[in-house]
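The structure appears right after this line, and notes come after that.
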Amino acid sequence: MLMEKIYKDLNDRQLEAVKYIDSPLLILAGAGSGKTRVLTYKIYYLIKNKLSYPENIFAVTFTNKAADEMKKRVETLLNINLKNMMIGTFHSMCVKIIKMHRASKKLDLNFSIYDTDDGKNILKSVLKELGKENIDVKTIQKKISYFKNRMIFPEEIENYHSFDIEKEDFKKIYNHYQMKLKDNNAYDFDDLLLETIKIFNDDNNFKENFSNRIKFILVDEYQDTNLSQFYILKHLYNGKNNITVVGDDDQSIYSFRGAELKNILDFEKHFENTKIIKLEQNYRSTNNILNVANRVIRNNLQRKDKILWSLFNDGEKVKIVKCFDERQEATYVVQRILQNREREEKNFSDFVILYRTNAQSRPFEEILRKNNINYKVIGNIKFFERKEIKDILAYLSFIINKNDEISFRRIMNFPKKGMGEITLNTIIENSTTFGLNLYDSLKKFYDSSRNRNKIMELNKFFDLIKNIENRKENVYNALGFLIDNLNLDTVFEKMDTNEKLSRLENIQELLNSAKEFVLRNEDNSIDSYMDMISLYTDMDEYNDNDTLTLMTVHNAKGLEFDTVFVTGVEEKLFPHMNTLDYDQNCEEERRLFYVALTRAKKNLYITMAKQRKFYGTSDFRRPSRFLKEIGFDSPNIDLIDLTISKQIDSELFDNDDSNGGEFKEFFDINDRIVHPIFGEGVIKGKKGSGKDQILIIQFLNGEIKKIFSEYANLTRK
DNA sequence: TAAGCTCTCATTCCG
DNA sequence: TGAGAGCTTA
């Protein structure tokens, strides 16, 4: 019965990959070739066939969300609870390893994990202490992370090139930053990986025990691993364990944050007797889409040869659309979505608008808002990076780690307690001088304070902390108490209604997450909640079924949609101008474009504008080199040039807020019109008014369509 | 200390 | 163009 299901759901190659356990295995899995399915079934196969217990499996995925999903899928297949299986991101697994190691040494288990924003704050204070305030924090933070990703420590820096920061200064800052993190009993994200490697290097006993525990290592998205992740895998593999990695060198798009393409290109060199299985059959896209994608990616020099094919038919041709500017581009895309949605009875969630940079979402959002279409922009602001969320969570962080200066500063200012920069610095300095933690140092300050207001404020604060601590075994109660007692209405008093509302909603969402956590876990303490939360960067996307999604191509990795619009496909935007200096053949940009194209199942639109507004000023654009690589004479594409029909354009561009009112009333029943796509027709009826007005038009072929008047782009016959 | 104003800067992003 | 950081002023 077991094998039946596996045989039914997998093709021969996939099956081979699932069953192969004789030596290290590299699965080169093209886009849409079912790689997640292979990993899921492999875990299922190992457990069901008693080749492994769940606790002997170590599986790493790219995001927490992916880990949760995979775990749930296997749980459903096996119909058991897999709470003993080690599955998660590299970072979450490293936190577990560090805690296990600390436990084995009887050390304090609590530490803080600083995100990019926290790290920036630490760096600011380091620069201040060193009198180097003229150095840009962002630049130095990037540099430090660059070296950490390559496992180079301050004292080891040899090859260093920089015009703006001197080598010795940089070393000093990097070093101080590390010391400061240590003082705060905190790790940044990069440190979690490095600390794990350090443990494995220094404590051979621990390493042997740990790697003996593991029998099977599985790694997803291997093409985006960095050097320290590679070393962690080497340690875990330990020359004997079973290792399977899945990836697609053509989809490696994160070199800017340390991903090493050579990890996947050289896998065989690092793991002896590697077996390679290629998955080239695509189960997602039509052949027109795949052909276009193949034509582009073959221009990359650094890749393993691989050609996607599918049993699907050719399908619709890929549309390449030339627009006048970004507003026409947005209008066209939204029009198309409305038309196709109606014609093919689809949901908005079947479509996606992709772009290279977040700033490109703006014109789309404008038009979507005007048309009252539900949409969601993914990625721009992360849930756990919102100020109100960080401020609240800082209370929990501080209760766990009372040396955490970052959280301390936050909660002393949320709500405002009249404790300014100077006061806080004194308290922090005193903590070092007297060997106290920050809480006790604050108490000391309080004892000596004679300011009535401050005494009152601090009394309230100490009470609050005590009350949360009393509830620390149940994070939902603790968080609920905290939120009830912060008087958020007063705190957000001066904000406008929308902002206030959205902040309160986010806080409610946070409370919901704590509630769910309490329901789903045995250990409900704030400690274990914070362990989970500090490695989550975003809430799970709730899939509203009729919401249109907009996102960057990076965010679309791993997803698929019926109809995909890849927008802004112009030189200097896609490929992005900043990449052209160091990547002559723009291979990573091409991979990114390839990722964009291969998201599409049935319909693919690629749009560009001749003119685009950037930072307030318009400039002229040229088609992306990637379009030339597809070839304008390709049999797989249709070219649509919207810049030719000038009359139509002029009306389209004028339809901004100022004269939108006129435009709506422009057509009347029985007017004869021409539609740019459907051709000649007669207006048979009107529904609604304003932005929502819909025209009912009968076209020459007898077909009757409902079309939004404001964006219909109609001309009089 | 905190609100209000000016200045600057802008690729992509997961943990 | 517009968000956010940092400076100025009450």
Side-chain angles (χ1 to χ4, degrees), chain A residues 60-67 88-95 113-121 124 128 133 136-139 142 145 148-149 187-194 196 220-221 224-226 228-229 252-259 326 354-360 362-363 366 378-382 384-385 387 412-413 415-424 451 453-454 457 494 531-538 551-558 568 572-583 586 588-589 591-593 595-596 612-618:
Chain A
V60 199
T61 58
F62 195 61
T63 63
N64 285 302
K65 196 183 164 200
T89 59
F90 272 100
H91 292 84
S92 64
M93 304 315 281
C94 286
V95 169
I113 299 168
Y114 281 176
D115 66 13
T116 320
D117 193 49
D118 302 329
K120 202 185 273 168
N121 287 329
K124 266 184 216 160
K128 206 168 204 172
E133 283 127 310
D136 180 59
V137 183
K138 259 194 211 152
T139 314
K142 260 193 190 163
S145 183
K148 283 192 178 181
N149 277 321
Y187 297 114
D188 68 15
F189 288 134
D190 299 328
D191 281 341
L192 294 173
L193 307 180
L194 296 176
T196 303
D220 197 5
E221 307 277 14
D224 282 320
T225 52
N226 66 21
S228 47
Q229 290 164 341
S252 173
I253 54 175
Y254 284 109
S255 77
F256 69 88
R257 63 177 206 224
E326 79 280 356
L354 302 181
Y355 35 76
R356 178 64 177 79
T357 66
N358 285 306
Q360 285 166 257
R362 204 165 281 279
E366 250 170 58
I378 305 282
N380 233 339
I381 311 149
K382 296 274 180 291
F384 290 104
E385 286 168 15
K387 185 177 178 300
M412 294 316 284
N413 277 299
K416 298 253 185 278
K417 298 173 196 26
M419 304 280 286
E421 179 77 22
I422 296 166
T423 321
L424 291 182
N451 178 324
N453 277 336
K454 270 186 191 164
E457 285 288 341
K494 290 196 177 142
D531 270 356
M532 189 272 291
I533 228 81
S534 55
L535 291 175
Y536 267 72
T537 52
D538 220 344
M551 62 179 119
T552 62
V553 182
H554 280 94
N555 266 312
K557 190 168 90 157
K572 295 187 176 177
L573 184 56
F574 205 169
H576 196 275
M577 56 186 302
N578 294 10
T579 65
L580 299 173
D581 303 334
Y582 57 86
D583 186 3
C586 27
E588 180 146 318
E589 292 289 298
R591 290 194 291 269
L592 188 60
F593 188 60
V595 168
R612 183 178 296 274
K613 211 187 241 180
F614 259 112
Y615 311 137
T617 47
S618 268

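So you know, we letter chains A, B, ... as the sequences are listed, proteins then strands, and number each from 1. As the structure is a prediction and not an experimental result, all values here were calculated from the model.
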Notebook entry, point to check: Does a side-chain N-to-carboxylate-O contact under 4.0 Å join A:K557 and A:E221?
Noted result: yes
Next item on the list: Mind calculating the distance between NZ (A:K557) and P (B:dG15) to the nearest angstrom?
Entry: 11 Å
Next item on the list: Return the orientation label for the A:F256 and A:H554 ring planes: parallel under 30°, perpendicular over 60°, tilted otherwise.
Entry: perpendicular
Next item on the list: Before accepting this row, confirm whether a basic side-chain N of the pair A:R362/A:E326 lies closer than 4.0 Å to the acidic partner's carboxylate O.
Entry: no
Check: With a 4.5 Å limit on heavy-atom distance, are the side chains of A:F614 and A:R612 in contact?
Finding: yes
Next item on the list: Hey, which sits more toward the 5' end of DNA chain B by its nearest nucleotide, A:L535 or A:N413?
Entry: A:N413
Checklist line | Letter per nucleotide, 5' to 3', of nucleotides 3-10 of chain C [B base touched, S only sugar-phosphate touched, - untouched; heavy atoms, 4.0 Å] | finding: ---S----
Check: Salt bridge between A:E457 and A:K454, side-chain N to carboxylate O under 4.0 Å?
Finding: no
Check: B:dC14 P sits how many Å from A:L193 CG, rounded?
Finding: 16 Å
Notebook entry, point to check: On a whole-Å scale, what distance lies between the C1' atoms belonging to C:dA3 and B:dC14?
Noted result: 23 Å
Next item on the list: Examine the base of B:dG15 for any acceptor or donor lying under 3.5 Å from a partner atom in the side chain of A:T116, and report the outcome as yes or no.
Entry: yes
Next item on the list: Report yes if the side chains of A:D188 and A:K148 come closer than 4.5 Å at any heavy-atom pair, otherwise no.
Entry: yes
Note to self: Under 4.0 Å, counting only non-hydrogen atoms across every strand here, what does A:T423 touch: a base, just sugar-phosphate, or nothing?
What the structure shows: sugar-phosphate
Next item on the list: Would you check if the side chain of A:Q360 reaches a backbone N or O of A:T357 as a donor-acceptor pair within less than 3.5 Å?
Entry: yes
Margin query: Has A:N413 got a side-chain atom pairing as donor or acceptor with A:K416's backbone, closer than 3.5 angstrom?
Written below: no
Check: Roughly, in whole Å, what's the span from CG in A:N64 to P in B:dG15?
Finding: 5 Å
Margin query: Any base atoms under 4.0 Å from A:M577, or only sugar-phosphate, or nothing? Heavy atoms, all strands.
Written below: nothing
Note to self: Any donor-acceptor pair under 3.5 Å linking the side-chain atoms of A:D220 with those of A:T61?
What the structure shows: no
Margin query: Generate the contact string for nucleotides 5-13 of chain B. Rules: B means base contact, S means sugar-phosphate contact only, - means no protein heavy atom under 4.0 Å.
Written below: -----BBBB
Next item on the list: Establish whether the base of B:dG15 is bridged to the side chain of A:D190 by a donor-acceptor pair shorter than 3.5 Å.
Entry: yes
Checklist line | Spacing of the C1' atoms in B:dT11 and C:dG6 (rounded, Å) | finding: 24 Å
